[in-house]
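Labels below follow one simple rule: chain letters A, B, ... track the order of the sequence lines, proteins then strands, and each chain is numbered from 1. Treat the numbers as computed from the prediction; the structure is a model and nothing was measured.
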Amino acid sequence: MSRIKNCFDKLKTRNRKALIPYVTAGDSDPTVTVPLMHAMVNAGADIIELGVPFSDPMADGPVIQRAAERALEHHVSLRDVLTMVTEFRQQDSHTPVVLMGYLNPVEVMGYTVFAEAAAQAGVDGVLTVDLPPEEAETLVATLRSQQLDPIFLLAPTSDDERIKLICEAASGYVYYVAIKGVTGAGNLDVQAVADKLEQIRKHTDLPVGVGFGIKDAESAAAVAAVADAVVVGSALVQKVEQAAGQHDRINAEIAGLLMQMRAGI
Amino acid sequence: MRRVLLTQRKNEHAVPLRFQHRILDGLRRKVSNVSQLKNKDDKLIGQVPDNRGHFGIYGGKFVAETLMVPLQELQDAYDKYLDDPDFIAELDADLQNYVGRPSPLYLAEGWTRHLGGAQIYLKREDLNHTGAHKVNNTIGQALLAKRLGKTRIIAETGAGQHGVATATVAARLGLKCVIYMGAVDIARQAINVYRMKLLGAEVVSVESGSKTLKDALNEAMRDWVSNIDNTFYIIGTVAGPHPYPAMVRDFQAIIGREARQQIQQQAGRFPDALIACVGGGSNAIGLFYPFLDDKDVAIYGVEAAGDGLDSGRHAAPLCAGRPGVLHGNRTYLMEDDDGQIIETHSVSAGLDYPGVGPEHAWLKDIGRAEYVAIDDDEALQAFHDLTRIEGIIPALESSHALAYATKLAPTMDKEQIIIVNLSGRGDKDIHTVAALEGIEV
Ligand SMILES: Cc1ncc(COP(=O)(O)O)c(C=O)c1O
């Protein structure tokens, strides 16, 4: 059974919602990431989304764009990110890790080479933001052959037909983007999210995570009331930016915010 | 006035092709499903893209989920209005009376003599309103925006020509207009920035990444995803997710349709070669597309070699890049071994782009078009030559096409004919050229 499914099953028996932090790998420098992943798990993270830096992050707002730029200043590549996961797995064999990024680095590495290396490193799921299921057939099959979960986004604009298509392609969980916009933007409307989740659940039994627009314990709690998982990204990445270069402070600040969120949900 | 149907694209069954180039690992399966052209005489016009926007293995729709439904709506609207006589009539009238079409096809006798080979005809897109081919497309997309009830228009721009052409149509239709432009390009195309502001557009300086056209496109996409309810994104070249590459091509194909008729009227025969510069590839595909099935017409797309292909400082993905995915489509890109997009260089802002329209990628692979590169110095030489010999100041982008003509023409007979797409006029580049020569204007 996949680590992700296992994780959600366990949470369910304890009637708990998943807390999923996102950080960009290699931000603010490559040595930050692995200790930060452990710190996040200690602070209550259930799954970790690890951003793969890309030069042209079209779906990201300024906060995560700058994180990618900081990582790329250190030439952090997809292979480096896989190495970080390998290192993380030396001490943590149970927390699922999902890579989140854009398609091109995966295309350049080659789907098969990537899927094998990711599985070997201990990655559990892969979310390529700019790859809708229509174009994903080959990658999904390749990921599946390595027991990796393909994670897909759902959006406020997704209609019933698309929700169905996406949920059929996905495994592990699906990720509902709560606002029309880029990461880090706007304020989310919890009632609208609740309505959309109801529509999504008509098409799937997969856990539904909600992200984009979750900034603090309060918004996390509100979303956790209706979703299976809460994804928080820009609010954490902002803390990395503010404490850039100071490893202990990055770990402490991020753990602090996650503990508040964990307590709230 | 009669006009050839705007598009002959409505063929959902693309004739699949076999590709000889090195295929990416992940694509092997997909490609092996694709058989080859049944025979050499099969028509190319109308074959691509398929209904999912694929030109062979290129093109497609690689965007975040939020944009998938808006893109489908755009495609539906486009398909519908292409068959709508009122829409076509309005488009035709605007192209004729507002843009000034048809643009002349001009036999450059002095320059032909100077080069001592094939006769060179210039397709004078520089004489269009706003000074480049870009307006052919913005007129069309703005009419679509109006039909869709959108009140706000956004666009990316490199040289500023597409930004100006967009701000122009927005002003005319009374639509709010925001133009994204890289900070580097804002500095080197100051005149166009001011033109856009005069036209009432807001020009947003893009400070991320390499601060050029690719980053402006990223930023425009981010705006679009945040404002899809009221906003129409007018992409300025044959790139982006489906349906943009096909739609922009169809709006630009007026260039080639006119040229095909004009050359028969003026010379009594077809040309032997076509030459156009390739940034994203819209002026080039506009000229090439109506000639694709005229198999005796050689087709040359000219990329920017910047400081030279060997220097690594260039903008020539077809000549020196490899396939990947950027800005919503699969195509040839300039990228490093990690799949990061690398910074490009060209003296001409409009060619300074790391990708290229997917249809060009396809034409390259099937061998129908040949792609070559011209460096900064060669382009500047052609800029000066045309100005002094013909009294026409060409855009630096177009100067790349002209420079390739100076290489090709002398290898051909005097009876042979080359059509060069003079995609824009050079007024916007005068500061750049002067600065290179140490002159302050
Ligand atoms: C005059 C001119 N020619 C060519 C280009 C390159 O664009 P494309 O390759 O789409 O024609 C530009 C772009 O700004 C331009 O202004």
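- Ranked by heavy-atom pairs shorter than 4.5 Å toward chain A, the options B:L326, B:D336, B:N218 are led by B:N218.
- B:E156 is not listed as a side-chain neighbour of B:H327, based on a closest heavy-atom distance of 4.5 Å or more.
- In this structure, A:T142 OG1 and A:Q146 CD are separated by 9.0 Å, a value rounded to the nearest 0.5 Å.
- With respect to the salt-bridge test (charged N to carboxylate O, under 4.0 angstrom), the residues B:K211 and B:E343 do not qualify.
- Heavy-atom pairs under 4.5 Å with chain B peak, among A:P133, A:P156, A:P57, at A:P57.
- Highest contact tally toward chain B, considering only A:R66, A:Q65, A:R79, is held by A:Q65 [criterion: heavy-atom pairs under 4.5 Å].
- Donor-acceptor pairing under 3.5 Å is lacking for the side chains of B:N329 and B:Y244.
- When B:L67, B:T66, B:D215 are compared by the number of non-hydrogen pairs under 4.5 Å with chain A, B:T66 comes out ahead.
- For A:L78, no part lies near chain B; criterion is any non-hydrogen pair under 4.5 Å.
- For B:R152 and B:T231, the side-chain atoms include at least one donor-acceptor pair closer than 3.5 Å.
- A:D60 and A:T183 are linked by a side-chain donor-acceptor pair at a separation below 3.5 angstrom, with hydrogens and angles left out of the test.
- A salt bridge is absent between B:K61 and A:E135; no separation between the charged side-chain nitrogens and carboxylate oxygens falls under 4.0 Å.
- Across B:D337, B:I228, B:D338, the residue that shares the most heavy-atom pairs under 4.5 angstrom with chain A is B:D338.
- Counting only N and O atoms by type, the side chains of A:D160 and A:H203 include a donor and acceptor under 3.5 Å apart.
- Side-chain contact, A:Q199 with A:D195: no donor N or O sits under 3.5 Å from an acceptor N or O.
- Among B:D229, B:V325, B:N227, the residue with the largest count of heavy-atom pairs under 4.5 Å with chain A is B:V325.
- Of the residues considered (A:A115, A:P105, A:A59, A:A136), A:P105 shows the highest number of contacts with chain B, using heavy-atom pairs under 4.5 Å.
- Side-chain polar atoms of A:D80 and A:S77 form a donor-acceptor pair below 3.5 angstrom.
- Proximity to chain A is absent for every atom of B:D223, based on heavy atoms less than 4.5 angstrom apart.
- When each of A:V177, A:L72, A:V106 is checked for heavy-atom pairs under 4.5 Å with chain B, A:L72 comes out on top.
- Within the 4.5 angstrom heavy-atom criterion, atoms from both the backbone and the side chain of A:S158 approach chain B.
- B:I342 does not touch chain A: none of its heavy atoms, backbone or side chain, sits under 4.5 Å away.
- For B:I341, the parts lying near chain A are the backbone and the side chain together; criterion is any non-hydrogen pair under 4.5 Å.
- For the residue pair A:Y173/A:S171, the side-chain donor-acceptor check at 3.5 Å is not satisfied.
- Figure legend: B:K364 and B:Y332 shown as a cation-pi pair, the cationic atom lying under 6.0 angstrom from the six-membered ring centre and within 45 degrees of its axis.
- For a residue to count as touching a neighbouring chain, one of its non-hydrogen atoms must lie under 4.5 Å from one of that chain's; by this rule A:P62 does not touch chain B.
- Of all residues in residues 230-242 of chain A, none places a non-hydrogen atom less than 4.5 angstrom from a non-hydrogen atom of chain B.
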Practice problem: With side chain to side chain contact (heavy atoms under 4.5 Å, CB included) as the test, would you mind laying out the steps for A:F54 and A:V52 before giving the verdict? | Solution: CA-CA 6 Å; A:F54 182 51; A:V52 181; over 6 Å; no
